[in-house]
Amino acid sequence: LTSGLDDYPRAARPNDHEIHVDLSSWMAVASDAMAKILTTVGQSSEAQLWSTESANIRKAILETFWNPDMNCFQDRCGTPPPDAFDVIVQANGQEKRIPVQFPKSGFVEHRGYLN
């Protein structure tokens, strides 16, 4: 992906329960684009559905990703199932299962990249 969504895990412990503010923002922008395209081609009822979808996504972004303590938008790291473990293979070939540690706040404490 050229958006950069594929090359930087942001959580200290990346997992399937991460949700990203930038991906959600792209979905809102895409929904707006669909509404504009459909309006242009005369599909106003379909355009309204996409406009509503965009508004819902934007509302969800504000409710989900705004961290008032840090005064910025941040990714979220949800709670995995209770049986989520990292598996570590030790030098002797034995596997050791260690519970995965996740941030208690649910926010990924990250403020962006300087590259």
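Only heavy atoms go into these numbers, but all of them, side chains included; no hydrogens, no water, no symmetry mates. Starting from 1, each residue takes its place in the sequence as its number. The structure presented is a predicted model; accordingly, all values stated were derived computationally and were not measured.
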*asked:* Please check if the number of heavy atoms outside M34 that lie under 6.0 Å from its CE is greater than 12.
replied: yes

*Using side chain to side chain contact (heavy atoms under 4.5 Å, CB included) as the criterion, list what pairs up with Q43, not counting sequence neighbours.*
L38, V41, E46

*Would W66 and N71 satisfy side-chain contact (heavy atoms from CB on, under 4.5 Å), going step by step from the backbone distance to the final call?*
CA-CA 7 Å; W66 181 253; N71 200 33; 3.1 Å; yes

Can you name the closest pair of heavy atoms from [X] and [Y] and give their distance?
X: I61; Y: V21; answer: CG2-CG2, 4.1 Å
X: A47; Y: T39; answer: CB-OG1, 3.3 Å
X: S51; Y: A35; answer: OG-CB, 3.3 Å

*asked:* Rounded to the nearest 0.5 Å, what separates atom OG1 in T64 from atom CD1 in I57?
replied: 11.5 Å

_Working to the nearest 0.5 angstrom, can you tell me the gap between S24 OG and R58 CZ?_
11.5 Å

*Can a donor-acceptor pair be found between the side chains of T52 and Q48 at a distance below 3.5 Å?*
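Yes - a donor-acceptor pair under 3.5 Å links their side chains.
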
Look at the side chain of [X] and the backbone N and O of [Y], then say whether any donor-acceptor pair between them is shorter than 3.5 Å.
X: S31; Y: M27; value: yes
X: N67; Y: F73; value: no
X: R76; Y: F65; value: no

